[in-house]
Structures are given as structure tokens and as C-alpha cells.
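Hydrogens, waters and symmetry mates are skipped; everything else that's a heavy atom, side chains included, is used. Each ligand, and each atom within it, is numbered from 1 in the order the structure gives.
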Amino acid sequence: MSTLKKIGVFTSGGDAPGMNAAIRGVVRTALFQNIQVVGIHNGYQGLLSESFEPCHLGSVANIIQRGGTFLKTGRCSEFLKPEARLTAAENLKRQGVEGLVCIGGDGSFAGASALYKEQKIPVVGVPGTIDNDIFGTDYTIGFDTAVNTAVEAVDRIRDTAASHDRLFIVEVMGRNSGFLALEVGLAVGAEEVFIPEIQVSVDHAIEHIKKGLQRGKGSSILIAAEGQKPGRAYDLAESIRKKSGFESKVCILGHIQRGGAPSAKDRNTASQMGAAAVNALIQGQSDLFIGLKNDRLITCSLSGSVDKKKQPYPDQIKLIQMLSM
Ligand code: F6P
């Protein structure tokens, strides 16, 4: 029997499909163990403003299939300051909250790790981001849904590309990581994928397009990860035009990739991770997050993941190039 009486759960950073399923997993697992749960609104902002709502079984009814996060989310630069983390700890103690589940990406995990280190608030993370870029886990909730959303969009674009013999550059999200771009690129049969981690030259892409033209292929799809800021695909298009004269159409998928009903994979992974996070807190564990390795749940160090960069496999780019020759 657990000695924990009350825990809190919040979502932080960019929303990701499956976050609601993860909250449901946390709330229902805790209630099953007679542990009270408070939902914290708007990520770290809600910890600071004490925006807490008691969660009961009905609070998480009918949300497993919904995108976004009913607790709302946000990025909170104030939480970078130690004073803010002290305020959060005081608020949690006043409310009798003895442990936290943080559902979010790498920035959210950095905040959670600092809160544990400085204030000794037990925290367990659940990785939720469409970027799939958290070091230590093969998978983050939302990735599968976002990939499928982007693939569906690119398939539509390919109809136009083929009908008009056009070159398209489709930009996907992912910030500084190229996991989304690689997964989408392979699934849509892209001619080339540009990601921040591994350099592919524009010249190489042009050669690739020319070879396609020689064998009568009139259209091409290039996938570009957004990188530091959205709009990078326009620079690529200009660079290709200057070097080869090829005109391209640019499509930036943007936030369309973040919304929508989570896939079965995201709902199930989120449910399992949410439940595992509560069990970890019950066992007195902290400063860790629930990850996935070879399709099995694992625990990973929170502080050990922060500031480390998960790297994509260069072989995936080579495979994409080879298969679209
Ligand atoms: O981290 C998730 C993500 O969707 C990134 O892929 C993207 O760069 C960023 O969030 C966009 O953030 P915002 O919605 O705050 O503009």
C-alpha cells in the first residue's frame, strides 16, 4: 500500500497528440491506488499561479481520443529562475502535493530535473513531443500521429506534383531535430531529406532530381526539417533555383502536424507511460522519466537526459536516397 496521498500532473511545452491519454493514465492509476490527483493548468505557469484542479474519474472521461491537452500547456521562461522553482515548491507543499508527473519535451524535463535537484520535489517525466528528440528513449508520445498527419498531407501534395511535373519542398516541424523529417521522408518516398543533424548538399539533391528527369520522372518531393526557425524551405528553394534553374513550390505544414486525434500507438503508449509514471512515484522513485526501448517501457534518468542530443541514424538518409533513385 502506498504512503503517497496526493500527486499532481501537468503538460508542458508544445501540445502533442496523446497527452490527454497520458493524463488519463496518470489520473486513473493514481485513483485506483487511492491517491488523490490534482491537474495543474498551463504547465509550469500553473505551478506558479497555483492553478490546480482536483481530478476525479469523470475528469478524464471521453478524452483518450482527443488531441491537445485538456489541462492546457505552455512554455514558461520564468521557470528558468531558481526563485520561481522555490515558489512552485512552496505552492505544492501548501496544497499537500507530494509528487509530480510532468508530461512534455526536453525543455519541460529540464525544468522538472531542476525542481527535483533544488527543491527535492519527486518528479517523474512522461515524454510527450511530436519531435521524438528526447535522449534516452526511442519514442515520445505524439510522434506517430504527427508522422501520419504529415504523410497524409505529402501524399496529397504528390498528386499535384505528379500532375504538374513539379518539384515540391515540404517543410515539417521538429525544431533542431530531424526525426520527424526522416520518418516522413521514408514513408512518402521523398527524393531527399534535409535535417539539421546531417548535412546533405543542395548539389547532391540537384543531381538526384536530374537523374530522375533523365529517366522520365517529372516530379520530386524534398522534405526539409524546419531547423532553428520555420521557413527554411524557402532558403532551400532559392538555393536550388540559383544553382540549377529548377523552380520549386514550398509547403510549410506547420501546426497542422500537432493537432488531431492520437493514433492507437500514441494512445496506448501514453496510457502505459502514464500508469508507469504513477507506479514509479509510488515506489519512491524520482528524477527519472518513462521511456521506450525496443518496444518495452524503461526508466531513464531525467537529469542524465537534459542537455544531451539524441542523434538520428545516418543510414536512414542513405536508405531514402537509394530507394528514390
Ligand atoms: O517541440 C514541438 C514543436 O512543435 C516543434 O516541432 C516546433 O518547432 C515548436 O514546437 C513550435 O512551437 P510553438 O507552437 O510554440 O510555435
Checklist entry - Ignoring hydrogens and geometry, is there a side-chain-to-backbone donor-acceptor pair from His56 to Gly58 under 3.5 Å? => result yes
Next on the checklist: As a test of reading the model: which residues have a non-hydrogen atom less than 4.0 Å away from ligand 1?
Outcome noted: Arg75, Thr129, Ile130, Asp131, Met173, Gly174, Arg175, Glu226, His255, Arg258
Next on the checklist: Going by side-chain hydrogen bond (donor to acceptor under 3.5 Å, both in side chains), name the residues that satisfy it together with Ser113, two or more places apart in sequence or in a different chain.
Outcome noted: none
Checklist entry - Under the side-chain hydrogen bond (donor to acceptor under 3.5 Å, both in side chains) test, which residues partner Gln45, sequence neighbours left out? => result none
Checklist entry - With a 3.5 Å cut-off and no angle check, do the side chains of Gln95 and Glu50 form a donor-acceptor pair? => result yes
Checklist entry - Restricting to pairs with a member in residues 36-45, which pass salt bridge (Lys or Arg N to Asp or Glu O under 4.0 Å), not counting sequence neighbours? => result none
Checklist entry - For Met273 and Tyr139, which heavy atoms make the closest approach, and how far apart are they? => result CE-O, 4.2 Å
